[in-house]
Amino acid sequence: MSSSIYDTLNREQKEAVLTTEGPLLLLAGAGSGKTRALTHRIAYLIREMGVNPWNILAFTFTNKAAEELRERVDQLVGFGSEQIWVSTFHSTCVRILRRHIDRLGFDNRFTIYDADDQKSLIKDICKRFGIDNKQIRERDFMNAISSAKDRLVDPLEYRMQNMGDFSKKKIGEVYQEYQDQLKKNNALDFDDLIMKTVELFKACPEVLENYQDRFQYISVDEYQDTNRAQFELIRLLAGKYRNLCVVGDDDQSIYKFRGADIRNILDFEKVYPDTKVIKLEQNYRSTANVLDVANAVIRNNRGRKAKALWTKKGAGDRVCFRQFDTAYEEADYIAAQIASAAGKGKGKYGDYAVLYRTNAQARLLEERMVQEGIPYDVVGGVNFYARKEIKDILAYLKTIDNGRDDLAAKRIINIPRRGIGPSTIARVEDYAEMRDISFYDALRDADNIMDMGRTVSRIDPFVTLIQTFRSKAQYMGIADLIRDILEKIGYKEYLESTDDEGAEDRYANVEELISKAAGYEEAHDGCTLTEFLAEVALVADIDNVEGSADRVLLMTLHSAKGLEFPCVYMAGMEDGLFPSYMSISADDTAELEEERRLAYVGITRAMDRLTLTAAKSRMIRGETQYHPVSRFVKEIPEELLDCEKAVPRRWSFQTGDPDEDYDSREDYDRRGSRGGYEKGSGKLGSLRLTEDVFDFRPKASLAGRKPAAKGEKPFIAQGMGSLNQLAGVTKGMPYQAPAAVDYKEGDRVSHIKYGPGTVTRLEKDVRDYKVTVEFDKAGQKIMYASFAKLKKI
DNA sequence: TTTTACTTCGTTTTT
DNA sequence: CGAAGTAAAA
């Protein structure tokens with residue numbers, strides 16, 4: 001190793017870099033520099049081993065991780081790194097299937113169905129099969145089918161395995177029909193992308209061998225989150241050269257619900273007996289205090305590979321814990337802390353992240369961020385590409401691109417309103433089924449459908465429209481095509497007619513889609529509509545986060561995996577919320593252990609400062625619920641925590657308090673800290689008020705309250721409302737004092753979209769001016785000055 | 001066919 | 001509290 005780029009690595013990292021041949025299992029604890037090891041390893045392969053970048057494949061879970069990995073390799077290697085295939089499992093499979101899926105009887109221009117599409121397809125099928133969705137919900141079908149696919153179980157096998165069970169038998173039938181429908185629509189769902197690729201490789205050994213020869217060196221990041229299907233995919237690809245490096249941490253496995261199989265990591269050595277195992281245990285990210293807290297929590301899990309993270313960093317600040325009466329106060333505290341710390345020059349806004357268990361918690365936090373004038377981004381919520389207005393436009397594009405996608409065609413047939421209702425649609429569907437053609441082709445044939453009468457006159461213009469777009473798509477760019485669609489269908493007017501509240505925002509999203517399309521075209525010269533649609537289907541919310549933006553990040557603990565921040569807040573540390581109610585009442589302690597790993601992931605995101613917060617009461621689904629402090633907080637030894645007031649510490653698993661009477665570890669897992677949850681007869685547990693839940697209701701109402709019965713819902717009370725909408729990556733308020741406006745009531749102003757108008761009202765709001773303008777053309781609009789960007793004329 | 005008023009029900013987490 | 005589904009009216 002002559003070059004100096006490897007000198008900064010520690011011994012284990014170096015060893016990992018030098019182990020280029022054969023199977024390698026890199027057990028990399030949180031913050032142990034695994035990406036560093038991975039990037040240097042790839043650089044080493046290219047620079048020192050003379051491996052052609054073309055022969056290297058690296059799997060990641062998100063596009064963002066893929067981009068980062070490529071960038072960092074780029075910095076090390078200089079050139080050639082664009083030849084490395086770095087991408088997510090899903091994107092990789094799309095690329096492979098685009099070339100070869102015709103071998104499985106699909107058209108290579110297949111479309112990709114998201115969860116929404118799956119749900120409507122299942123709903124259709126249930127209707128046809130006469131299945132009552134109250135007995136078996138669509139979600140149940142989706143989960144069952146998804147989990148079958150994660151395990152590479154096809155419909156036939158599924159039905160064979162589940163002949164006895166009534167509801168599983170039904171699921172098997174639906175699964176079969178669902179697959180048939182997907183094929184008919186020339187569509188694949190997320191799980192199919194992996195499963196079909198495995199199928200392809202098994203059906204066509206020559207195709208597999210082609211890729212085996214291409215990908216002679218394979219590495220997999222976040223290996224603990226791979227499912228059975230992904231495992232098989234990797235096994236096949238690496239089958240010939242066996243140069244396979246997987247990097248993972250069993251303590252950070254948090255996607256079991258998505259099919260991740262921890263056995264993939266625990267049993268790796270069994271599948272590859274000649275595996276070299278290297279552990280990275282030195283943590284470079286967190287202070288000793290943070291690390292101690294993380295270890296204190298995770299050590300309560302069993303069934304983990306032994307490891308001991310250590311750091312050379314100093315002790316650092318103590319980890320804080322604060323409990324508040326309400327979630328409002330919790331949010332207040334976090335926002336105020338960030339505002340004052342950032343104001344005092346303690347780091348940038350971008351140094352802060354607020355993590356929570358459920359997306360719903362974002363609202364409150366977001367509201368307080370706005371009030372404090374803190375610039376923030378919310379990751380997650382409703383994915384940008386899953387929003388109605390975006391899906392409408394994408395459905396147009398899909399119909400233009402792939403006439404076989406019935407779901408897309410049906411979605412837009414009456415958007416905007418064309419007077420085509422369910423009965424007409426049903427007739428067209430019947431006709432399509434009879435002739436075994438697609439829904440769209442049936443529409444083209446509308447003249448021949450019996451007793452359609454005047455409805456034909458409504459269908460024809462639609463067909464003509466799509467045909468026109470099709471020919472335009474031959475030479476027009478995607479962004480231009482979208483603009484043309486919007487104009488021709490009068491989408492803006494449609495939005496305004498259906499949703500007067502959010503029309504403006506929705507249209508802004510559509511405009512955002514145009515710029516994303518333009519950006520994509522710029523980055524991918526000569527790209528096709530098909531490619532764009534696939535790309536868009538595989539975007540995760542986290543992919544849209546700009547690391548350089550100096551903004552506080554609000555996101556779920558799941559989204560935070562792989563990231564790090566100097567200062568982290570974990571909000572909602574409450575039993576029933578985190579760990580979730582579901583995991584507490586589950587029979588299986590595995591669910592609770594997964595929650596604990598999630599806590600571990602959250603804690604280890606922090607570099608210097610970590611604050612845990614909880615609320616005694618919070619609104620969930622319009623009801624106020626009371627929760628005790630999270631058991632995960634109680635698992636942290638007192639001396640490691642900075643609490644203003646001592647955490648009520650009823651559980652003494654570690655302190656040996658004789659007060660306690662848990663019979664066993666299982667008993668603790670089940671019941672949690674004293675008085676928390678009781679197991680009811682059914683699946684639902686019940687929550688009782690306990691001493692560590694502060695009660696601030698009038699005594700009278702408390703006195704009249706009877707103890708919760710078994711199976712009853714958690715005790716609730718009415719509270720106040722919430723607000724705001726969250727989504728994709730939501731840009732928070734720009735960091736600015738109340739926008740100074742240079743106009744007043746009665747002034748003439750101009751708006752970029754609405755043109756000239758007269759200011760009729762101007763009032764001061766929390767931290768902005770609310771302006772009412774009577775536009776000459778667009779009529780009256782009420783808007784915030786900072787967003788409206790009005791110019792005085 | 002479309003609009004509306006009313007009921008029901010749910011959430012963990014996401015590629 | 002909202003989304004989404006259903007029933008009834010326009």
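Fair warning: this is a prediction, and the values are worked out from it, not measured in the lab. We use all heavy atoms of the structure for the numbers below, so side chains are in, but hydrogens, waters and symmetry mates are not. Throughout, a chain's letter reflects where its sequence line sits, starting with A, and its residues are numbered from 1.
The separation between A:Phe257 atom CZ and B:dT11 atom P is 13 Å, rounded to whole Å. Per the geometry, OH belonging to A:Tyr581 stands 13 Å off P belonging to B:dG10, to the nearest Å. Between the CZ atom of A:Arg137 and the C1' atom of B:dT8 there is a distance of 13 Å, given to the nearest Å. In this structure, A:Glu222 places its CD atom 14 Å from C1' of B:dT14, rounding to the nearest Å. Between the P atom of B:dT14 and the CG atom of A:Asp191 lies a distance of 16 Å, rounded to the nearest Å. The distance between atom CG of A:Leu355 and atom P of B:dT14, rounded to the nearest whole Å, is 12 Å. Put simply, CD on A:Glu138 is 8 Å from P on C:dG5, counting in whole angstrom units. The NE2 atom of A:His90 sits 14 Å away from the P atom of B:dT14 (whole-angstrom rounding).
Between B:dT15 and A:Asn63, no contact under 4.0 Å exists linking OP1 or OP2 to a side-chain N or O. Using a 4.0 Å cut-off, no side-chain N or O of A:Arg363 falls inside it from OP1 or OP2 of C:dC1. Between A:Arg418 and B:dT1 there is no side-chain polar atom (N or O) within less than 4.0 angstrom of OP1 or OP2. Here A:Lys123 reaches the OP1 or OP2 of C:dG5: one of its side-chain N or O atoms lies under 4.0 Å away. The side chain of A:Asn414 contributes no N or O atom lying less than 4.0 Å from OP1 or OP2 of B:dT1. Listed pair A:Thr424 / B:dT1 meets the phosphate criterion, a side-chain N or O lying under 4.0 Å from OP1 or OP2. For A:Thr556 and B:dT14, the shortest distance from a side-chain N or O to OP1 or OP2 is below 4.0 Å. Side-chain nitrogen and oxygen atoms of A:Ser580 include none within less than 4.0 Å of the OP1 or OP2 phosphate oxygen of B:dT11.
Remark: C:dA10 base-pairs with B:dT1. Criterion, Watson-Crick or G-U wobble with two distances under 3.5 Å. In this structure B:dT8 sits in a base pair with C:dA3, meeting the Watson-Crick or G-U test at under 3.5 Å.
Closest approach of A:Phe462 and A:Leu443 over heavy atoms only: CE2-CD1, 3.8 Å. Of all heavy-atom pairs between A:Lys149 and A:Tyr178, the closest is NZ-CE2, 3.5 Å.
B:dT15 has no base stacking with the ring of A:Phe190 when judged by centroids under 5.5 angstrom apart and an interplanar angle below 30°.
A salt bridge does not link A:Arg258 with A:Asp150: every distance from a Lys NZ or Arg NE/NH1/NH2 to an Asp or Glu carboxylate oxygen is 4.0 Å or more. Ionic pairing of A:Arg618 and A:Glu330 is present here: one or more N-O contacts between side-chain nitrogen and carboxylate oxygen are shorter than 4.0 angstrom.
Closest to the A:Arg621 side chain, of the nucleotides B:dG10, C:dA4, B:dT13, is B:dG10. If you check B:dT13, B:dT2, B:dT15 against the side chain of A:Thr62, the one that comes closest is B:dT15. For A:Asn359, counting side-chain heavy atoms from C-beta on, the closest listed nucleotide (C:dA4, B:dT3, B:dT13) is B:dT13. Nearest nucleotide to the side chain of A:Ser423, out of B:dT14, B:dT15, B:dT1: B:dT1. For A:Arg417, the listed nucleotide lying nearest its side chain is B:dT3; candidates were B:dT3, C:dA4, B:dT11. Counting only heavy atoms from C-beta on, A:Ser559 has its side chain closest to B:dT14 among B:dT14, B:dT1, B:dT11.
Ranked by how close their nearest DNA chain B nucleotide is to the 5' end, A:Ala115 and A:Arg139 are led by A:Arg139.
The aromatic rings of A:His558 and A:Phe257 lie perpendicular to each other, with more than 60° between the two planes, well past the 30° mark.
Contact annotation for A:Glu595: base contact, defined as any heavy-atom pair under 4.0 Å involving a base atom.
The closest side-chain donor-acceptor pair between A:Arg151 and A:Ser147 falls under 3.5 angstrom.
Judged by the 6.0 Å distance and 45° axis criteria, A:Arg70 is not positioned over the aromatic ring of A:Trp85.
Comparing B:dT13 with C:dA4, their P atoms sit 15 Å apart, to the nearest whole Å.
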